[in-house]
2 protein chains.
Amino acid sequence: MPEKIEQEVLEANKRFYDALESLDIDQMGSIWLHESWVKCVHPGWGPISGWENVRQSWEAIFQNTQAIRVRLTGQSIRMIGDFAWVSCIENIANRLDASLDAAEAFTTNLFLRRDNRWWIILHHSSLLPAIKPFSEITIQ
Amino acid sequence: MPEKIEQEVLEANKRFYDALESLDIDQMGSIWLHESWVKCVHPGWGPISGWENVRQSWEAIFQNTQAIRVRLTGQSIRMIGDFAWVSCIENIANRLDASLDAAEAFTTNLFLRRDNRWWIILHHSSLLPAIKPFSEITIQ
């Protein structure tokens with residue numbers, strides 16, 4: 001049973017990143033709990049509270065992105081009753097016209113089980129310190 | 001009963017910041033769950049996993065700090081069974097010799113109740129975007 005639940009949570013986490021890559025606000029809306037107390041922190045942004053504000057932030061991001069791909073590493077998961085905590089590192093590729101950005105972020109995603117489904121209630125993502133460019137690395 | 005539990009969690013959150021301000025590693029150690037899966041992300045650092053590594057990171061911070069004061073704003077709390085999620089904004093003043101830094105961070109703290117006590121299991125703190133200096137603010 002714990003393995004089955006873990007699988008459900010990992011699928012919910014995957015649905016979040018599928019929605020992000022889809023740039024489809026309805027898909028993103030279908031996995032968030034629509035409550036006034038959910039929270040979202042995009043890398044480099046201030047905190048956003050409440051589904052309506054969170055939805056607007058995703059719309060703004062989707063309108064300013066042509067393509068985004070996220071590869072996850074270091075995914076770990078803890079479940080406590082109807083609550084689940086997923087930590088992961090996002091390796092992000094982001095394109096707008098000729099501009100292509102790469103970034104790495106540490107993310108805390110929290111999920112709540114309600115009506116037999118897992119809903120995201122917190123997405124807190126923060127950029128990891130950049131790796132030094134080669135020119136700054138001293139070869140001993 | 002929910003109010004009593006909320007009070008317990010807020011006290012646990014306060015104990016965490018009291019330990020941070022104390023610069024006392026034993027005090028910090030007394031509120032973390034000593035498990036291999038606890039996690040800590042200091043602002044601008046990569047993620048640290050497991051109590052032993054987390055302890056070492058606090059020791060390094062305490063050794064390089066003469067005084068730190070944290071004022072919390074925007075504290076919000078959700079409890080689900082034996083699990084609690086606290087979000088807050090940390091207004092941080094940090095002193096080392098003649099150097100004084102001010103910073104603002106958004107923080108996700110997660111707590112687990114075990115043996116009738118609340119233990120911190122995640123501290124994920126990320127700097128908020130700096131406020132523009134006056135010279136950059138346009139008066140309309």
Side-chain angles (χ1 to χ4, degrees), chain A residues 5-6 9 33 35-50 53-54 57 72-91 103-114 118-132, chain B residues 5-6 9 33 35-50 53-54 57 72-91 103-114 118-132:
Chain A
I5 296 174
E6 186 171 317
V9 173
L33 198 65
E35 292 277 8
S36 61
W37 46 264
V38 300
K39 285 187 195 291
C40 186
V41 185
H42 305 290
W45 292 40
I48 298 161
S49 292
N53 294 321
V54 170
S57 75
L72 299 183
T73 54
Q75 210 171 191
S76 77
I77 176 171
R78 302 296 306 178
M79 291 158 304
I80 304 155
D82 285 336
F83 175 86
W85 156 33
V86 177
S87 286
C88 51
I89 292 176
E90 303 175 356
N91 301 272
E104 202 183 19
F106 176 82
T107 298
T108 299
N109 288 329
L110 301 184
F111 296 87
L112 177 68
R113 183 163 52 186
R114 189 183 278 186
W118 289 95
W119 307 86
I120 192 161
I121 56 175
L122 170 74
H123 171 69
H124 178 183
S125 188
S126 52
L127 292 180
L128 289 176
I131 294 166
K132 286 183 179 181
Chain B
I5 295 174
E6 185 170 318
V9 174
L33 197 65
E35 293 277 7
S36 61
W37 47 265
V38 300
K39 285 187 193 294
C40 187
V41 185
H42 304 289
W45 291 40
I48 299 161
S49 292
N53 295 321
V54 170
S57 74
L72 299 184
T73 54
Q75 210 170 191
S76 77
I77 177 171
R78 302 296 305 178
M79 292 156 303
I80 304 157
D82 284 336
F83 175 85
W85 156 34
V86 177
S87 286
C88 52
I89 292 176
E90 302 175 356
N91 301 272
E104 202 183 19
F106 176 81
T107 298
T108 300
N109 288 329
L110 300 184
F111 296 87
L112 178 68
R113 183 164 50 187
R114 192 181 277 184
W118 289 94
W119 307 86
I120 193 161
I121 56 175
L122 169 74
H123 172 70
H124 177 183
S125 189
S126 53
L127 291 180
L128 289 176
I131 295 167
K132 287 183 179 180

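Since the structure is predicted, the reported quantities are computational estimates derived from the model, not experimental observations. Chain A is the first sequence line, chain B the second, and so forth, proteins listed ahead of strands; every chain is numbered from 1. The figures that follow rest on heavy atoms only: side chains count, while hydrogens, waters and symmetry mates do not.
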In terms of heavy-atom proximity below 4.5 Å to chain B, should A/Leu127 be classed as side chain, backbone, both, or neither? neither

What part of A/Trp85 is in contact with chain B, defined as an atom under 4.5 angstrom from a non-hydrogen atom: side chain, backbone, both or neither? side chain

For B/Pro47 versus A/Leu128, what's the shortest heavy-atom pair and its separation? CD-CD2, 3.5 Å

In terms of heavy-atom contacts, B/Pro129 and A/Gly44 come closest through CG-O, 3.3 Å

Which is it for B/His124 and A/Ser87 under the side-chain contact (heavy atoms from CB on, under 4.5 Å) test, yes or no, and what are the steps along the way? CA-CA 10 Å; B/His124 177 183; A/Ser87 286; over 6 Å; no

Going from CG on B/Leu112 to CZ on A/Arg78, what distance comes out if it is rounded to the nearest 0.5 angstrom? 8.5 Å

Most chain B-contacting option - heavy-atom pairs closer than 4.5 Å, from A/Asp82, A/Ile80, A/Ile89: A/Ile80

Using the side-chain contact (heavy atoms from CB on, under 4.5 Å) rule, take A/Thr108 and B/Val41 through it: C-alpha gap first, then chi angles, then the decisive distance, then the call. CA-CA 10 Å; A/Thr108 299; B/Val41 185; over 6 Å; no

